[in-house]
Amino acid sequence: MAPSTPKHAILHGLNDAQRRAVTSDAATLAILAGPGSGKTHTLTARVAWLIDHVGYQPENIIVATFTVKAAREMKDRIGKALGNGREKKLILGTFHSIARRYLTTYGHHIGLSPKFGIADESDSRTSIERICKRLQLAVDPRAARMWISKKKAQGTEAAAKPTKGPAKPPSPQEAEFGTCYQEYQSHLEKSNLLDYDDLLVRCVELLRQFPRCVSNIQSVLVDEYQDTNGIQYELMKLLAQQHWRITTVGDPDQSIYGWRSAEIKNLRRMFQEFGRTERVSLEENYRSSQSILHLSMLVIKQDETRFDKTLKPVHDKGSRPVLRRLKSAAAEADWIVSEIRRVLMMSGSMMTHNDVSILLRSASLSRHIESSLGKAGIAYRMVGGHKFYDRAEIKTLIDYLRVIAQPENNVALARILNVPRRGFGEGTIKGLLQEAETSSLSVWAVLSKHCRGDRRSKTKITNVMEQKLSGGLLRPLEDIRKHIQGASGPDENPLGLVQIIEQLLVKLDFQKYLETAHADDHEQKWANVQEFIGLAAEFERDMDNSEEDFLPEIEGLQQTKEVEVLPRFLANVSLAADAQAGDEGQESKPHVTISTIHKAKGLEWPIVFVPAVYKSVFPHTRSEDDAEERRLLYVAMTRAQALLYLSCPLFNSNGNGERTELSPFVEPVKGSFLNKGPCFDRPVMQGIAKIIQRKLPPEETIFKGLPAMFSPEDNLFPVDPEEAKPVEGARAKRMRLQGPGYDGGEEVQWHSDYATTMEGLPSFSGASHGFVSVGAHQEAITAANRTATVAQKAEKPQPSANKRPADQRSIMGFVRTNSGSARTPSGPPAYSRPNNTVPRQIFGTEPLPAPAQPAIDPVLAGHKLGAGKMMTRPSVAKEEKTVKRKQYTCFSSSPPRPAAANDDTGRNNPAAKPPEPIRPAVGLHATTTTLPKGLGGGFRRPAGLGMEGIKPIERLRRPFKPLTINRPA
DNA sequence: AAACGGACCCTTTTT
DNA sequence: GGGTCCGTTT
């Protein structure tokens with residue numbers, strides 16, 4: 001890396017480009033950073049540089065990220081680089097959280113009540129739905145919402161720009177969108193709410209009118225710049241308006257938020273608007289193996305409009321990525337499980353479940369995978385998808401809290417009016433909202449006046465309803481409100497957050513409510529409530545000892561100090577939408593990560609699976625931008641360090657069982673993939689170890705760890721799922737540690753399976769990509785009557801002609817010689833291994849002695865055997881070579897085990913009937929936490945495994961009993 | 001007339 | 001899990 005020792009510790013370990021980026025004194029700096037190029041590291045170092053070397057104060061630096069996770073990570077790493085906890089003073093967070101900070105602190109200058117709440121997506125949706133219904137608009141509320149959001153996200157500059165030509169009259173639909181927009185805004189205003197986009201819009205308004213708010217800011221740094229939208233771009237400029245020092249980091253190839261109005265053109269805009277913007281490209285990829293990177297590039301390069309850039313791999317070739325075809329989504333999931341097992345087993349203790357991730361286009365694809373992992377007893381964690389805060393019982397509690405904090409929040413109040421059931425139905429609620437609208441009162445005011453007898457509600461409310469409402473909602477919440485302010489007694493302390501929630505639970509008799517309303521799973525739900533309290537406690541604790549969220553004082557500018565816990569907690573809930581409690585604190589047990597690709601951005605794992613790579617998922621049916629969908633796949637693929645698996649079921653999983661079509665992004669390059677998992681022989685494993693910089697345990701240790709029955713190869717599922725059924729014998733095969741090849745008849749059986757499936761494979765065209773032409777081999781092999789001899793011939797010409805592509809493993813590499821030119825197995829790992837081989841590995845009891853005579857590399861031997869459908873060991877060395885058979889113990893040729901044994905996992909897919917994955921040896925794999933950790937971040941109970949088996953006790957239906965029925969007549 | 005409860009449909013990506 | 005349709009209950 002660094003040729004000379006850098007003067008400053010900060011620069012240590014940075015490459016040239018990174019160092020230029022970190023130390024640049026250009027006012028505006030754009031860092032173009034490909035995947036795995038040390039982007040975060042560079043940005044972190046630059047912040048440290050600005051503080052320690054340039055001399056900026058942390059509180060005068062803004063670092064904006066795109067996701068909460070990225071913000072957290074950035075803060076962590078800057079903290080480590082700086083020391084002294086100085087990172088806490090940085091103004092660091094997502095654009096939205098930074099905007100909120102400015103608005104709570106200075107919002108009163110633009111007439112914003114400092115106690116504003118944040119309308120989340122479902123708030124927006126329901127209120128827009130109501131508006132459309134009320135005004136009888138013909139538009140689809142969802143479309144309206146998107147239209148409104150787009151308008152806001154575009155930014156004020158774009159909106160102000162006169163559209164070319166005469167302003168065309170808005171279409172009738174646009175007119176309706178417009179009225180909906182207006183109604184929606186006035187509704188939000190009445191409820192004192194800002195939606196996500198408003199946070200940015202209003203902050204822009206604030207900073208435009210009161211530039212002094214940011215007069216202290218010396219430098220602004222923006223991460224994931226390619227994902228900024230128009231309004232964020234404006235916000236960035238306004239935040240930096242004092243000194244105009246801006247650093248952006250991004251990669252156009254990883255722009256995957258176009259649907260959220262992100263504009264890649266902001267990059268060009270930056271160059272145009274800021275005169276001399278220095279530009280640094282980080283091109284070295286420190287993350288992935290060459291072959292993973294190469295294949296990812298093949299995918300992204302299909303986009304011809306894209307700005308091409310180079311990526312230099314620093315790692316070895318590594319194992320070729322796999323494209324696997326499976327029969328169904330269920331089989332796909334089972335295969336993933338078997339493959340996870342196989343690789344982890346074969347790695348000894350080098351890797352754990354923590355090193356595996358499964359990346360999905362959409363969260364809904366996780367069902368089968370979760371259930372397979374659950375069945376196999378593998379711990380996993382699902383990020384993205386349904387959030388903890390979205391669970392019904394939690395959402396209800398949050399809505400109660402929101403109404404406590406903001407009585408005028410009509411959306412929240414409307415949602416809890418009939419939870420628990422109080423006899424308020426759709427019609428009544430609609431009526432109340434309408435009445436509030438027309439009488440310019442909040443719904444809360446209407447109801448509380450009605451119950452106090454001050455003002456009769458026009459909406460019909462029966463006596464029973466009224467009593468339940470008063471006793472179960474209005475009074476308790478009012479009580480708590482008073483307690484919060486410490487006004488209920490002279491010597492009473494104001495309530496803390498946890499106390500507020502606990503009081504609420506008591507006053508609502510929430511546990512009983514859960515029992516009554518959700519008899520079957522109230523225990524789970526109550527556990528979630530407990531978890532929620534835990535989260536609140538954590539938040540409260542963190543808040544006490546951090547200055548975070550406060551902006552530095554600016555002379556002559558009045559601040560509103562946000563002291564109350566509840567609003568801050570609620571804002572945090574809306575903005576940090578996925579809770580990660582217990583994640584960082586305690587060491588959790590190793591688990592596989594399932595994530596949406598969007599949420600996986602910026603992260604990496606040694607092993608990555610990308611399932612469901614078919615049309616309608618990649619690209620998604622509902623997406624409008626195929627190029628973005630391609631980039632999404634690119635992002636997913638470039639998360640992998642050492643092993644990358646794509647897979648595709650033959651049939652759609654959603655009921656109708658339609659046939660799938662391989663994703664058009666993958667189709668043109670499918671020949672560059674292996675069609676099943678690689679053989680994890682010693683060189684391959686060592687290659688992985690090198691990439692992830694870990695130590696591979698000695699062979700003996702690995703084998704000791706293997707369970708009695710273990711299939712060391714990816715052979716539990718047919719390579720071609722069209723093929724009717726896998727041969728029975730293909731299940732558990734016992735590894736043989738040594739001995740001559742086994743020539744039993746059964747073996748023929750399952751080998752033949754592979755031989756036939758190969759014929760059905762699409763032809764491969766690897767040659768054009770600089771890979772070995774596997775297909776050519778394949779065809780040659782099959783055509784030549786499947787004899788080892790022919791296979792050998794097919795292998796031969798290239799190397800002898802010395803035209804072997806640079807990245808192809810030389811045939812000499814397969815042969816152990818003393819000649820220096822030949823690679824030894826301990827050298828760089830095999831890059832391209834012929835497809836469909838059933839490689840043999842020397843899992844001998846002792847290391848191979850360097851033979852005097854050249855010996856055939858096991859990989860080659862395997863190639864012949866597998867490809868050639870040999871019943872016996874190949875009579876390899878037709879020419880000069882002789883094989884010492886004893887040295888190669890053949891994993892895959894040991895006799896198949898009787899099927900019946902150990903078959904305890906019930907499977908419900910008789911059609912596909914893939915062999916059962918073998919249960920791991922006890923203690924080798926973590927098992928699923930059955931404890932409902934609940935959280936989006938906690939361990940989840942696998943779908944379909946939940947509470948079944950525990951028959952819900954039939955419970956008496958009890959009506960929700962109000963606590964007090966008491967109001968003046 | 002309004003509310004409730006069961007059956008049946010579909011489900012992108014996130015602050 | 002959530003929204004909607006429809007028959008039943010309050």
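The figures that follow rest on heavy atoms only: side chains count, while hydrogens, waters and symmetry mates do not. Here is how names work: the chains are called A, B, and so on, in the same order as the sequence lines, proteins then strands, and each is numbered from 1.
- A straight line from CD1 of Ile394(A) to P of dG1(C) spans 12 Å, rounded to a whole angstrom.
- Of the candidate nucleotides dT14(B), dT15(B), dT13(B), dT14(B) has the atom nearest to the side chain of Tyr257(A).
- Shown here is Arg134(A), whose CZ atom has more than 12 heavy atoms of other residues, nucleotides or ligands within 6.0 Å.
- When atom types are taken as modelled, the side chain of Glu628(A) and the backbone of Gly258(A) share a donor-acceptor pair closer than 3.5 angstrom.
- Atom CD of Glu129(A) is separated from atom C1' of dG3(C) by 9 Å (rounded to the nearest Å).
- Each of dT13(B), dT15(B), dT12(B) was ranked by its minimum atom distance to the side chain of Ser623(A); first place goes to dT12(B).
- Taking only side-chain nitrogens and oxygens, Arg421(A) comes nearer than 4.0 Å to OP1 or OP2 of dG5(B).
- Ring pair Phe388(A)/Phe532(A) is tilted by interplanar angle, where 30° to 60° counts as tilted.
- Between the NZ atom in Lys525(A) and the CZ atom in Phe510(A) there is a gap of 9.0 Å [rounded to 0.5 Å].
- With hydrogens and angles ignored, no donor-acceptor pair under 3.5 angstrom links the side chain of His620(A) to the base of dT12(B).
- Within 4.0 Å of Asn418(A), counting heavy atoms only, lie sugar-phosphate atoms of the nucleic acid but no base atom.
- Lys395(A) has its NZ atom 9 Å from the P atom of dG2(C), to the nearest Å.
- Distances were taken from every side-chain heavy atom of Arg142(A) (C-beta onward) to each of dT15(B), dT12(B), dT13(B); the shortest belongs to dT12(B).
- Across the protein-nucleic acid pair, Ile597(A) atom CD1 and dT14(B) atom C1' stand 14 Å apart, rounded to whole Å.
- Whole-Å rounding puts the Asp223(A) CG to dT14(B) P distance at 18 Å.
- Closest-nucleotide positions on DNA chain B for Gly423(A) and Glu624(A) were compared, and the one nearer the 5' end corresponds to Gly423(A).
- A heavy-atom distance below 4.5 Å is not found between the side chains of Leu432(A) and His450(A).
- We find that CE of Met382(A) is positioned 9 Å from P of dT14(B), with the value rounded to whole Å.
- Salt bridge annotation for Lys265(A)-Glu263(A): present, with a cationic side-chain nitrogen under 4.0 angstrom from a carboxylate oxygen.
- Between Thr67(A) and dT15(B) there is no side-chain polar atom (N or O) within less than 4.0 angstrom of OP1 or OP2.
- Of the candidates dA3(B), dC4(B), dG1(C), the closest approach to any side-chain atom of Lys525(A) belongs to dG1(C).
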List, with names and distances, any nitrogen or oxygen atoms from the protein found under 3.5 Å away from nitrogen or oxygen atoms belonging to nucleotides 7-10 of chain C.
none

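- Here Thr428(A) lies in heavy-atom contact (under 4.0 Å) with sugar-phosphate atoms only.
- If you check every strand for non-hydrogen atoms under 4.0 Å, Phe66(A) touches sugar and phosphate atoms only.
- At a threshold of 4.0 angstrom between heavy atoms, the contacts of Glu628(A) with the nucleic acid are absent.
- Side chain of Arg422(A) to backbone of Ile416(A): a donor-acceptor contact under 3.5 angstrom is found.
- For His598(A) and dT12(B), the NE2 to P distance is 13 Å, given to the nearest whole Å.
- Going from atom CZ of Phe618(A) over to atom C1' of dT13(B) covers 11 Å, rounded to whole Å.
- A sub-4.0 Å separation between OP1 or OP2 of dT12(B) and a side-chain N or O of Arg622(A) is present.
- With hydrogens and angles left out, the side-chain atoms of Ser623(A) and Asp625(A) include no donor and acceptor closer than 3.5 Å.
- Arg125(A) comes within 4.0 angstrom of sugar-phosphate atoms only, judged by non-hydrogen atoms across all strands, and of no base.
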